[in-house]
Asks: 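So that we are looking at the same thing, I have put the structure below in structure tokens.
Excluded from the calculations below are hydrogen atoms, water molecules and symmetry mates; all remaining heavy atoms, backbone and side chain alike, are included. The chains referred to below are lettered A, B, ... by the order of the sequence lines, with proteins before strands, and numbering in each begins at 1.
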Protein chains: 2
Amino acid sequence: METDSLPRREREKARQRRELLDAALELFSEKGYHHVSMNEIAQKSEFAVGTLYKFFKSKEELYKTLMTDLANRFHSELLEALEAKEDEIEKLQNWVRVGGEIFRTNASAIRLFLTEAQGAKFNLDAKFNSELFEIHKSKIESLKAVFASGIQKGRFIKIADPTLLAVALDSITRASLFLWLDSPDQYPYPENTEEILNILFKALIDPTAAFRLF
Amino acid sequence: METDSLPRREREKARQRRELLDAALELFSEKGYHHVSMNEIAQKSEFAVGTLYKFFKSKEELYKTLMTDLANRFHSELLEALEAKEDEIEKLQNWVRVGGEIFRTNASAIRLFLTEAQGAKFNLDAKFNSELFEIHKSKIESLKAVFASGIQKGRFIKIADPTLLAVALDSITRASLFLWLDSPDQYPYPENTEEILNILFKALIDPTAAFRLF
DNA sequence: CCAAAAAATGAATATTAATTCAAATTTTAT
DNA sequence: ATAAAATTTGAATTAATATTCATTTTTTGG
């Protein structure tokens with residue numbers, strides 16, 4: 001019995017490692033990298049500090065491992081979502097659905113990716129973070145008002161909730177500019193300005209064929 | 001002469017303060033909050049460390065001031081962009097345009113908001129950051145392939161470059177899920193799944209009226 | 001059951017960097 | 001020109017916490 005693949009000791013070690021990573025993830029998600037001490041991680045994972053160094057040679061390595069593992073796991077789940085379907089429209093639907101599932105089931109991990117991020121940056125303190133987040137929300141509100149009034153006047157067709165439209169335009173703009181910032185050669189800038197709005201303005205699928213979806 | 005608004009001393013102090021903030025911004029943008037020491041900031045701004053504490057009572061306050069100022073400045077520029085136009089479509093066009101300008105002219109500041117963010121988190125080291133960024137790019141590539149093939153097969157209309165479409169879907173999904181994560185009550189989750197794709201699939205403006213734009 | 005080997009422990013050490021403050025310098029007023 | 005006041009300086013202090021390693025505990029094989 002117990003031939004489950006790895007020698008008992010190895011298996012035990014792997015389990016411990018996972019426990020350690022889980023504890024660390026939870027703490028990092030809550031308080032951010034720099035606000036979590038090795039002693040805290042030791043306490044939460046029920047190891048002694050010294051033992052942590054059996055698994056990772058430094059706090060930084062522990063953190064990097066955590067992040068890279070997560071990124072790879074999420075990435076491969078999304079990839080599977082695309083491969084699971086034949087038709088392009090279904091692929092996209094599946095992508096969004098799986099993305100949502102990942103989000104639901106990994107909320108705290110996602111926070112580690114995003115809470116500190118998303119314009120708010122790492123957790124100096126909650127008050128400050130929410131202050132910045134309020135500015136962001138207020139920006140979304142102004143944009144939302146434009147969509148709402150456009151819809152009301154019949155200038156726009158209501159293809160989605162105004163808030164979602166605002167979030168969409170804001171995030172597309174930011175993401176594409178960021179990509180340009182990262183690789184100005186690969187992703188040219190000026191053309192995008194017009195293209196970005198086309199994503200909202202124009203229909204990706206032929207409206208006359210749209211019924212095929214439902 | 002020299003009646004430029006504030007007493008000489010006050011004016012001088014304000015100028016110094018701005019110089020200090022500029023130096024700090026540059027350093028933070030390059031290396032991230034926790035990797036910049038007060039001594040570095042002092043050196044770059046050509047003050048002594050002690051003097052920094054004349055302006056801000058702590059490193060944290062210095063940083064917060066920087067971020068809040070930036071956020072407010074960007075926010076009000078974007079707000080003006082909306083208010084400057086009468087028509088909703090022009091408002092949106094102006095928003096995207098001004099957003100791009102802010103990006104161009106504040107690349108390093110934006111990095112402070114985004115580089116550490118955007119899934120990559122704060123700068124432990126460049127190698128690690130780019131490792132995570134590669135995973136992100138690869139995710140975009142998979143999604144891009146779906147759009148490209150959909151367009152090629154005639155399943156999709158080419159309303160924008162496949163890369164931009166991929167970036168758009170990815171960022172809308174993430175942003176809207178994040179909003180839900182932040183305020184589950186205000187922004188319900190499940191409905192969005194379908195709505196998100198509508199942003200791409202459907203046209204916000206009546207195609208028969210589209211010519212009015214050009 | 002026993003002793004050698006392996007693993008775990010956490011108090012002590014080392015490091016890094018934020019903050020302070022007595023001394024030096026500059027500015028202002030007479 | 002002089003001295004009081006204000007400002008600036010940066011070496012020394014303090015604080016926080018990552019890492020080490022001598023000691024203790026647990027496991028293993030005979």
Asks: Touch check for A:E40, heavy atoms < 4.0 angstrom, all strands: base, sugar-phosphate only, or nothing?
Replies: nothing
Asks: Closer than 4.0 angstrom, basic N to acidic O: yes or no for B:E101 and B:R97?
Replies: yes
Asks: Rounded off to whole Å, could you give me the CG-to-C1' distance for the B:L52 and C:dA17 pair?
Replies: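 It is 13 Å, rounded to the nearest whole Å.
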Asks: Just checking A:Q43: base, sugar-phosphate only, or nothing, at a heavy-atom cut-off of under 4.0 Å?
Replies: nothing
Asks: Using salt bridge (charged side-chain N to carboxylate O under 4.0 Å, His left out) as the criterion, list what pairs up with A:E40, not counting sequence neighbours.
Replies: A:K31
Asks: Within this structure, what is the CZ-to-P distance between A:F56 and D:dT20, rounded to whole angstrom?
Replies: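 So the CZ-P distance, A:F56 to D:dT20, works out to 16 Å.
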Asks: When you get a sec, tell me which of C:dA18, D:dT19, D:dT17 is the closest nucleotide to the side chain of A:S37?
Replies: D:dT17
Asks: Quickly work out the A:H35 NE2 to D:dA18 P distance and round it to whole Å.
Replies: 12 Å
Asks: Can we say B:R174 and B:D170 salt-bridge, meaning some charged N sits less than 4.0 Å from an Asp/Glu carboxylate O?
Replies: yes
Asks: Who are the salt bridge (charged side-chain N to carboxylate O under 4.0 Å, His left out) partners of B:K85, not counting sequence neighbours?
Replies: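 So B:K85 forms no salt bridge (charged side-chain N to carboxylate O under 4.0 Å, His left out) with any residue.
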Asks: Whole angstroms only, please: what is the OH-P distance between A:Y53 and D:dA18?
Replies: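 These atoms are roughly 7 Å apart.
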Asks: In terms of side-chain geometry, is the basic nitrogen of A:K91 or A:E88 positioned less than 4.0 Å from the acidic oxygen of its partner?
Replies: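 So A:K91 does not pair with A:E88 through a salt bridge.
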Asks: Between B:K137 and B:E141, is there a salt bridge with N-O shorter than 4.0 Å?
Replies: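 So B:E141 does not pair with B:K137 through a salt bridge.
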Asks: May I ask you to decide if the ring planes of B:Y63 and B:F28 are parallel, tilted or perpendicular, using 30° and 60° as cut-offs?
Replies: perpendicular
Asks: May I have the distance from A:H34 (atom NE2) to D:dA18 (atom P), rounded to whole angstrom?
Replies: 10 Å
Asks: Take the protein atom CZ of B:F28 and the nucleotide atom C1' of C:dA18, then report the distance between them rounded to whole Å.
Replies: 12 Å
Asks: Within less than 4.0 Å of OP1 or OP2 of C:dA7, is there a side-chain N or O belonging to A:Q16?
Replies: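 So the side-chain polar atoms of A:Q16 never come under 4.0 Å of the phosphate oxygens OP1 or OP2 of C:dA7.
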Asks: For the pair made of OH in B:Y63 and C1' in C:dT19, what is the distance, rounded to whole Å?
Replies: 21 Å
Asks: What is the per-nucleotide protein-contact pattern of nucleotides 9-14 of chain C, from the 5' end, where B denotes a base atom under 4.0 Å from a protein heavy atom, S denotes such proximity for sugar-phosphate atoms only, and - denotes neither?
Replies: BBB---
Asks: Measure CE/A:M38 against C1'/D:dA16 and give the value in whole Å, please.
Replies: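 After rounding, the gap between these two atoms is 15 Å.
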